Amino acid sequence: MAAFNVTLSDPSTFILMGIPGLEAAHGWISIPFSMFYIISLFGNVMVLFVVGKEQTLHKPMYLLLCMLALTDIGMSTSVIPKALCIFWFNLKGITLVDCLTQMFFLHTVTIMHSAVLVTMAFDRYVAICNPLRYTTILTNARIAKLGLVGLIRAVLFVLPLPLLLSRQPFCANRIIPHTYCEHMAVAKMSCWDFTVNRIYGLVTAFVVIVLDLMLIALSYVLIIRAVLRISSTKAHQKALNTCTAHICVMLMSYTARLFSYLTQRFGQGIASHVHVTLSNFYLLVPPMLNPIIYDVKSKEFRDKVGKYTCRR
């Protein structure tokens, strides 16, 4: 408690409370958090290692899988180590610069993650609707360019958030009821009107999520239309099986993201500890499950993973 009071007296420091109302259980809560985080790191690093080592996997689909793994690592790593420091060592203080840096990195990686899912939907569309031109339309260089465009988009959308907050004066009570520096949680610490921050955050989330979901939906409408034109039932099944992993990852990611976002903005009736816990699990569970989904659904990738794990 003494350390807590000293940290709070520093005018350049915020206090991250962890999970409000469950402070006594932080030690127990840290167990699933740390386990999920370790599994997530292991799975996604394994994806990067296997694809990097195997020349036969140097294809657009697996390069996109590597991008997804990198964003998954970034999402969980931007939040969970600090959360575990709160749970294990009661290190709740975070400077304004570190807080804004964490916010920028987290939201940038989240938007980049969405861009990767859109590119994966486009990849599946080309693979099913234009299979003969797949290798000419989607080259490795083009995938890299699409990834760069997604990164630039994410940076341009997110950069105004910390810049706007850095100009705000903050009140003496800088206690954030969260495990990380979520944008609106920090904005509410301001002594001035933060309407601009609220509106910009809403517009950014709406544009990114709605636009990306529309592009993904369009890809799958075209895929379904192409599949329905195929007379063979076996061909139907084969075509749809190529999309199964992406559909699972997409539904899991966007469902968790929308639920977390809506509870942050409009879930006044939801207990704060429920909201904070779900927000953290959104950053933990999809990154943990994504490598497992692709390992199960892609025989080629599963065989390569088995080659290294069995050797060990």
Side-chain angles (χ1 to χ4, degrees), residues 64 67-68 70-72 74-76 78-79 99-126 142-168 178 180-188 190 192-223 246-247 249-268 270 275 278-279 282-283 286-287 290:
L64 287 169
M67 290 184 189
L68 187 69
L70 286 172
T71 57
D72 283 339
M75 285 170 60
S76 55
S78 63
V79 169
C99 189
L100 296 181
T101 301
Q102 183 191 52
M103 180 194 306
F104 172 77
F105 187 72
L106 172 61
H107 291 304
T108 298
V109 174
T110 301
I111 293 178
M112 180 63 190
H113 185 271
S114 184
V116 173
L117 291 178
V118 173
T119 310
M120 293 176 100
F122 179 63
D123 169 79
R124 294 300 83 202
Y125 160 73
V126 176
R142 189 158 292 166
I143 290 296
K145 290 177 182 177
L146 289 172
L148 181 60
V149 170
L151 178 60
I152 293 172
R153 181 190 75 152
V155 170
L156 292 178
F157 268 118
V158 174
L159 189 58
L161 295 177
L163 291 179
L164 286 169
L165 285 175
S166 66
R167 299 167 61 94
Q168 295 272 16
H178 219 303
Y180 60 90
C181 291
E182 193 273 325
H183 171 239
M184 284 310 301
V186 177
K188 290 175 182 177
S190 173
W192 285 2
D193 182 21
F194 56 89
T195 303
V196 174
N197 297 77
R198 184 191 297 274
I199 293 174
Y200 184 79
L202 283 170
V203 170
T204 299
F206 180 81
V207 169
V208 170
I209 293 177
V210 172
L211 176 62
D212 288 358
L213 283 175
M214 286 177 61
L215 291 173
I216 291 172
L218 176 62
S219 297
Y220 276 98
V221 167
L222 295 174
I223 287 171
H246 177 258
I247 292 172
V249 169
M250 180 195 65
L251 289 176
M252 183 173 57
S253 297
Y254 280 112
T255 301
R257 184 175 307 170
L258 284 170
F259 185 79
S260 175
Y261 177 80
L262 291 174
T263 55
Q264 286 173 3
R265 294 321 193 265
F266 310 110
Q268 289 81 5
I270 299 176
H275 154 62
L278 291 175
S279 296
Y282 150 63
L283 298 171
N290 288 346

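Worth saying up front: this structure is predicted, and the values here are computed from it rather than measured.
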S.K.: Test Val158 against every option in Leu106, Val208, Ile111 by the side-chain contact (heavy atoms from CB on, under 4.5 Å) rule and name the one that passes.
M.R.: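 For Val158, the side-chain contact (heavy atoms from CB on, under 4.5 Å) test succeeds with only one of Leu106, Val208, Ile111, which is Ile111.
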S.K.: Measure across Gly201 and His183 and return the closest heavy-atom pair with its distance rounded to 0.1 Å.
M.R.: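 Between these two residues, the closest heavy atoms are CA-CE1, 4.3 Å.
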S.K.: Check whether any side-chain N or O of Ser114 sits under 3.5 Å from a backbone N or O of Thr110 as a donor-acceptor pair, and report yes or no.
M.R.: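 Pair absent, no side-chain N/O of Ser114 close to backbone of Thr110.
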S.K.: What's the shortest heavy-atom distance between Leu100 and Ser166, and which atoms?
M.R.: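 What the structure gives for the nearest pair is CD1-CB, 3.9 Å.
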S.K.: Ignoring hydrogens and geometry, is there a side-chain-to-backbone donor-acceptor pair from Tyr125 to Val221 under 3.5 Å?
M.R.: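 No; zero donor-acceptor contacts below 3.5 Å.
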S.K.: Testing the basics here: between Ser78 and Phe105, what is the closest heavy-atom pair and its distance to 0.1 Å?
M.R.: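 What the structure gives for the nearest pair is CB-CD2, 3.4 Å.
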S.K.: Can you see which heavy atom on Gln168 is nearest to which on Phe194, and at what distance?
M.R.: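 Taking Gln168 first and Phe194 second, the nearest heavy atoms are NE2-CA, 4.0 Å.
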S.K.: Nearest 0.5 Å, please: how far is CG in Leu151 from CG in Leu70?
M.R.: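 If I round to the nearest 0.5 Å, the distance is 11.0 Å.
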S.K.: If you measure from NE2 on His107 to NE2 on His113, what distance do you get to the nearest 0.5 Å?
M.R.: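 Interatomic distance, His107 NE2 to His113 NE2, rounded to 0.5 Å: 15.5 Å.
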S.K.: To the nearest 0.5 Å, how far apart are OG1 in Thr119 and CG in Asp123?
M.R.: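 Interatomic distance, Thr119 OG1 to Asp123 CG, rounded to 0.5 Å: 9.0 Å.
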S.K.: List the atom of Leu211, the atom of Arg153, and the distance in Å for their closest heavy-atom pair.
M.R.: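 For Leu211 versus Arg153, the nearest heavy atoms are CD2-NH1, 4.5 Å.
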S.K.: Rounded to the nearest 0.5 Å, what separation is found between the CG atom of Leu117 and the CG atom of Leu215?
M.R.: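 Leu117 CG to Leu215 CG: 12.0 Å, rounded to 0.5 Å.
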S.K.: So how far is it from Arg124 CZ to Leu222 CG, rounded to the nearest 0.5 Å?
M.R.: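 Output value for this atom pair is 15.0 Å.
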S.K.: Walk me through it: do His178 and Val186 pass the test side-chain contact (heavy atoms from CB on, under 4.5 Å)?
M.R.: CA-CA 10 Å; His178 219 303; Val186 177; over 6 Å; no
S.K.: Can you measure from OG1 (Thr204) to CG (Leu156) and round to the nearest 0.5 angstrom?
M.R.: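 Thr204 atom OG1 to Leu156 atom CG measures 11.0 Å (nearest 0.5 Å).
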S.K.: Which class fits the ring pair His246 and Tyr220: parallel under 30°, tilted 30 to 60°, perpendicular over 60°?
M.R.: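 His246 and Tyr220: parallel rings.
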S.K.: Write down the atom of Asp212, the atom of Ala115, and the distance for their closest heavy-atom approach.
M.R.: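 Smallest interatomic distance, heavy atoms only, reads OD2-N, 4.0 Å.
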